[in-house]
Amino acid sequence: MTRTRPLVLTTLAASLLWLSGCDGNAANGAATQDTAAPQAAASDAIATPAADAIEGLPFASTAIASFNEPWAIGFLPDGSVLVTEKSGVLRHVTLPGGETREISGVPTVGYGGQGGFGDVKPHPQFAENGIVYLSYAEDGDGGRGAAVARARLDLDAGALQDVSVIWRQVPKVDGNGHYGHRIAFDGDGKLWISSGERQKFDPSQSMQSNLGKIVRLNDDGSVPDDNPFAGKGDVASQVWSLGHRNPLGLAFDAQGRPWNSEMGPAGGDELNLVKRGANYGYPTVSNGDHYDGRPIPDHDTRPEFETPAITWTPVISPSSLAFYSGTLFPEWTGNAFIGGLSGQTLVRVEIDGDSAREAERFAMGGRIRDVAQGPDGALYVIEDGKDGRLIRLAPREG
Ligand SMILES: [Ca+2]
Ligand SMILES: [Ca+2]
C-alpha cells in the first residue's frame, strides 16, 4: 500500500506553507498539493512521478485534506467547500490548497451509531444571502430524529449565525439508524430532504409520519401548496414520495428530475427515479430480505409499487448520489455517480429516459461517504471513518 497517510500530507503541506512564508493563496496551495506527496514518497524510497491518493484508477486522484468521520461535502460558489464531521463539527476548506478551519455556532448533534452531523448544502442564492442548510440527529422527546437547520454562514467570522430549525422527523424514536437526511435543491429553489425510516419499518407507509419519505419544502421550511398530499395535514403535506428505507442519496438529473439511492436490507439496494406521490414499497416489498432471514416479497410481486431503476444484490451500500454536468469528463455528462460504503466503490450509472444501468465501477480502496461535483468540474469524494480523506478526481494531465 502506498496510500499517503493523511496526517503526513496535512503536516507536510502546513510545513511547506510555513517554510515558504506564503499566505496560503490558491497558487501556492496548488503547488503544495502537486509536490508535497512525491517528496514524502521520495524521502525513504524511489521517487515516483505521480502521487495518486488511490491506486489503480483510470484518472488522477489527489488527497486535499483529511477529517474525523466526515459525512458530507457541500461546495460554495467561490470554489471552497464545507465538510461535516459526524461528531458535530463543521469545517470550511479552501481549494485547491486544502486549508481547513472549524466553523463555530453549529447546533448540538445527537452523536452515536449512524447519527450525528449529516448533510450540508448552500442555498441556491448563497452568493447573495450566505444561507446554508445542515441536517443532523437531534435529541428530544421520544429519542432522536433528523432535523434540518437553516443558518447564515459568516465566513469572515468563521461562524454560523441565526440558526433556526425548519424541519424535523416526526416522530422522534429510539435507536441510531436510518436517518437518511440528505439535502438537495431543485432548479426552482425547492428544498428536498430524504428521510430514513429510522429502522422502524411501518412508518414508511404511514402518512402520520414523515419517516421513510422524500420531502419537498420551500426554502424557509414551509410546505408548497402544490405538493401531492398538500391537503392532507401537516406531516403528510410535506411528502413527495413514500415507501423508502434509508435514502442516503438524493440528487437531480440534467432534466431536473429527482433520483434517490437507498440502502436495502439484506440485499436490494436501490436507485429510484422519484416520482410525484409515488410509493416505493418498503417494507412491504424489497428485492432484499430481512437481516434475520425472513423474506420480504420482491418488487415484481406487487406492481402497484414503483420498481427501482436499478437494484443491487450483493449490495454496494449506497451512501450518496451526484449527477455529473461538468466538462472535465465530457464523456460522463449526464451520468450519475453513487458512492459505496461496504462496496468501497464509486459506481458510474448511465441514464436512458426513465431507466438506468450500472456502466462502470471504480475500486476506491475504502468506504466512500459522499460524492459531489466541484465548481471546477472535477468529481470529489470523501472517505468514511477516522482520517477520511477529501479526494479530487480529474483526468490525468498530458
Ligand atoms: Ca423499493
Ligand atoms: Ca425480497
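We're numbering straight along the sequence, starting at 1. Each ligand, and each atom within it, is numbered from 1 in the order the structure gives.
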Intermediate values then yes/no, side chain to side chain contact (heavy atoms under 4.5 Å, CB included), K86 and D384: CA-CA 10 Å; K86 210 169 71 173; D384 192 43; over 6 Å; no
Heteroatom N/O/S of G288 within less than 3.0 Å of the Ca ion (ligand 2): yes
Nearest to the Ca ion (ligand 2) - the N/O/S atom of D289, by atom name: OD1
Presence of N, O or S from I296 under 3.0 Å of the Ca ion (ligand 2): yes
Spatial distance of atom CH2 (W259) from atom CD1 (I214) [nearest 0.5 Å]: 13.5 Å
Salt-bridge present (D174, K200; N to O < 4.0 Å): yes
Verdict with supporting geometry, W332 and L379, side chain to side chain contact (heavy atoms under 4.5 Å, CB included): CA-CA 11 Å; W332 291 348; L379 276 170; 4.1 Å; yes
Tally, protein N/O/S atoms nearer to the Ca ion (ligand 1) than 3.0 Å: 4
Approximate separation, where rounding is to 0.5 Å, of R150 CZ and Y133 OH: 4.0 Å
Approximate separation, where rounding is to 0.5 Å, of N260 CG and H244 NE2: 5.0 Å
ring-ring contact (aromatic ring centres under 6.0 Å, His included) contacts touching residues 67-113 (sequence neighbours left out): W71-H181, F75-Y380
Closest approach to the Ca ion (ligand 2) by D298, given as the N, O or S atom name: OD1
Test: E350 and R357 ion pair at under 4.0 Å: yes
